[in-house]
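In this chain, residues are counted from 1 in sequence order.
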Amino acid sequence: MELHKIELVADWLKNAHRTVILTGAGMSTESGIPDFRSREGWWKKIDPMTVSTVEALENEYELFHGFYSLRLADLKTCQPHNGHKLLAEWEEKGLINGIITQNVDGFHQQAGSKTVHELHGSLRSIFCSTCGHTADEEAFLNQESCSECQGHLRPDIVLFGEMLPQEVWGKAIRLIEESDLLIVIGSSLQVSPANELPFLTDGKKVIINNEATLLHDQFDMKLEGKAGDVLEAIDKKMKGGELS
Ligand code: NAD
């Protein structure tokens with residue numbers, strides 16, 4: 001890790017007026033949840049267009065259900081890691097103003113973060129794709145039908161072919177426009193429209209990722225490394241510790 005860069009970002013974070021965090025799947029890989037596009041990611045094992053789509057929900061429910069019940073079951077055995085906890089601590093201390101996440105795992109809230117805008121919804125809430133009636137996780141995992149209309153149950157996530165929740169999207173835009181420091185963590189920035197958000201601020205832009213992304217050049221600072229390690233190093237520096 002380049003220590004002078006960590007020092008600089010720690011300094012920016014201490015002195016910024018409004019800091020916003022944008023997270024992607026790479027934020028949760030250290031918790032044991034695979035991302036989509038890196039070497040170990042889901043996309044290397046399965047074609048997303050066969051499962052994460054409105055078409056799959058309507059025409060290939062077995063496949064759709066199999067994929068999402070595996071992902072929901074993963075959440076029961078995985079936990080937020082120290083990086084999630086540090087972000088919650090930074091919010092509590094007034095160092096960050098909110099988190100915008102593409103993740104659907106709910107780990108930021110589980111770690112204690114309060115202002116979290118979930119752009120792609122949440123795997124943890126389930127509803128009927130026909131009548132909208134809510135159901136619990138167990139009903140979905142057991143492949144039960146809707147208790148009201150016998151329709152197919154689904155998680156409340158944004159599938160390819162669906163709109164982002166407009167209220168959340170509006171709040172995310174406002175948060176970013178008002179920020180003077182934005183830190184993107186663990187996103188390939190390939191999913192639209194979330195990948196447009198970093199460019200709505202006139203403030204400084206930092207990206208933390210374990211490899212370079214296509215948009216890396218458009219950031220003021222690139223910190224290469226694991227999200228948890230980099231966040232711990234920034235935190236240590238802010239608390240006056242020496243980095244080794
Ligand atoms: P992505 O898979 O496209 O990109 C993840 C990025 O994070 C990659 O560039 C990868 O190299 C990097 N990365 C992986 N592990 C890292 C680590 N420990 N530290 C730092 N960087 C790391 O993910 P995305 O940009 O979020 O977009 C894909 C879509 O994936 C989103 O729509 C999201 O809803 C969905 N998704 C969510 C989860 C989750 O909720 N945890 C998991 C998989 C996919």
Open item on the list: What I want to find out is whether E7 reaches K14 closely enough, with some N-O distance under 4.0 Å, to be called a salt bridge.
Closed with: no
Task: NZ/NE/NH1/NH2 to OD/OE distance under 4.0 Å, E178 and K171 - done: no
Does one side chain, of [X] or [Y], offer a donor that lies under 3.5 Å from an acceptor on the other?
| X | Y | value |
| --- | --- | --- |
| R124 | Q109 | no |
| S122 | D156 | no |
| T23 | T101 | yes |

Side chain [X], main chain [Y], donor-acceptor under 3.5 Å:
| X | Y | answer |
| --- | --- | --- |
| D220 | K205 | yes |
| Y61 | L153 | yes |
| E224 | I208 | no |
| T53 | A56 | yes |
| D180 | A16 | no |
| T77 | D74 | yes |
| E177 | R174 | no |

From [X] [atom1] over to [Y] [atom2], what is the distance, rounded to the nearest 0.5 angstrom?
| X | Y | atom1 | atom2 | answer |
| --- | --- | --- | --- | --- |
| D105 | H108 | CG | NE2 | 7.0 Å |
| C149 | H133 | SG | NE2 | 9.0 Å |
| E196 | L189 | CD | CG | 11.0 Å |
| I173 | W169 | CD1 | CH2 | 5.0 Å |
| S52 | H120 | OG | NE2 | 11.0 Å |

Does some side-chain heavy atom of [Y] sit less than 4.5 Å from a side-chain heavy atom of [X]?
| X | Y | result |
| --- | --- | --- |
| I126 | D136 | no |
| N209 | H216 | yes |
| M163 | V158 | no |
| E118 | V104 | no |

TODO: Report yes if the distance between the aromatic ring centroids of F64 and H152 is under 6.0 Å, otherwise no.
DONE: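 No, they do not, as the ring centres are separated by 6.0 Å or more.
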TODO: Applying side-chain contact (heavy atoms from CB on, under 4.5 Å), name anything that partners L63, two or more places apart in sequence or on another chain.
DONE: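 Residues passing side-chain contact (heavy atoms from CB on, under 4.5 Å) with L63: T50, V51, E60.
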N/O donor-acceptor pairs under 3.5 Å from side chains in residues 88-100, not counting sequence neighbours:
| residue | atom | partner | partner atom | Å |
| --- | --- | --- | --- | --- |
| E89 | OE2 | K93 | NZ | 3.2 |
| E89 | OE2 | K239 | NZ | 3.1 |
| W90 | NE1 | D235 | OD1 | 2.8 |
| E91 | OE1 | K114 | N | 2.7 |
| E91 | OE2 | T115 | N | 2.9 |
| E91 | OE2 | T115 | OG1 | 3.0 |
| N97 | OD1 | T19 | N | 3.0 |

Task: Neighbour count above 12 (heavy atom, 6.0 Å) for Q166 CD - done: yes
